[in-house]
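Everything on this sheet refers to the single structure shown next.
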Amino acid sequence: MKRVKDMVAEANARVEHAPAAEMQALHGQEGVTFVDLRDPRELDREGMIPGAFHCPRGMLEFWIDPESPYAKPQFQTGGRFVFYCASGWRSALSAQVAMEMGLEGVSHISDGFSGWKAAGAPIAERPKKPG
Ligand SMILES: O=S(=O)([O-])[S-]
């Protein structure tokens with residue numbers, strides 16, 4: 001069996017990544033979208049990076065592909081994308097997939113939301129759905 005830690009290491013050899021303490025500098029910059037790949041319950045429990053776009057990992061390919069019926073405009077900006085999860089494993093694999101699909105400007109936070117919290121970076125509650 002191929003080990004997940006090897007898959008993450010292979011992904012990290014291909015995709016741009018940095019710890020939250022560094023990635024924080026991109027937060028709030030024009031043309032940069034932070035993409036939260038975690039499950040809804042994690043966002044409810046832990047909060048999220050303010051202004052991040054929530055894309056559950058299971059929807060990633062379907063939301064990125066502009067020809068998919070589920071395509072999301074947030075992935076068609078032509079800007080930069082900073083993916084994150086809890087600890088940097090799902091985001092490494094997801095960033096690699098996004099890169100393979102041809103999405104440009106993708107990087108990920110190598111220590112995830114836990115690194116973000118440890119860095120003392122800002123956190124917001126998950127926005128409530130209207131209605
Ligand atoms: O995939 S994970 O690093 O959030 S456990």
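In this text the structure is predicted, and so the values were computed from the model without any measurement. Atoms within a ligand are numbered from 1 in the order they appear, just like the ligands themselves.
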Any idea which atoms of ligand 1 are less than 4.0 Å away from a heavy-atom of Ala86?
4 (O)
Protein contact of atom 3 (O) of ligand 1 - nearest heavy atom, named by residue and atom, plus distance:
Trp89 N, 2.9 Å
Does the residue Gly112 have a heavy-atom contact with ligand 1, meaning some pair of atoms that are separated by less than 4.0 Å?
no
Whether the side chain of Asp111 engages the backbone of Pro19 through a donor-acceptor N/O pair (distance < 3.5 Å, no angle test) should be reported.
no
Plane angle bin for Phe53 and Phe75 - parallel if under 30°, tilted between 30 and 60°, otherwise perpendicular:
perpendicular
Is a salt bridge present between Glu46 and Lys117, judged by a nitrogen-to-oxygen distance below 4.0 Å?
yes
Using a 3.5 Å cut-off on N or O atoms only, is Cys85 in polar contact with ligand 1?
no
Between Val106 and Val15, does the side-chain contact (heavy atoms from CB on, under 4.5 Å) criterion hold? Intermediate values first, please.
CA-CA 7 Å; Val106 180; Val15 299; 5.9 Å; no
If the threshold is 4.0 Å, N to carboxylate O, is there a salt bridge linking Arg41 and Asp39?
no
Per-atom contacts, ligand 1 versus Gly88 - under 4.0 Å to a heavy atom:
3 (O)
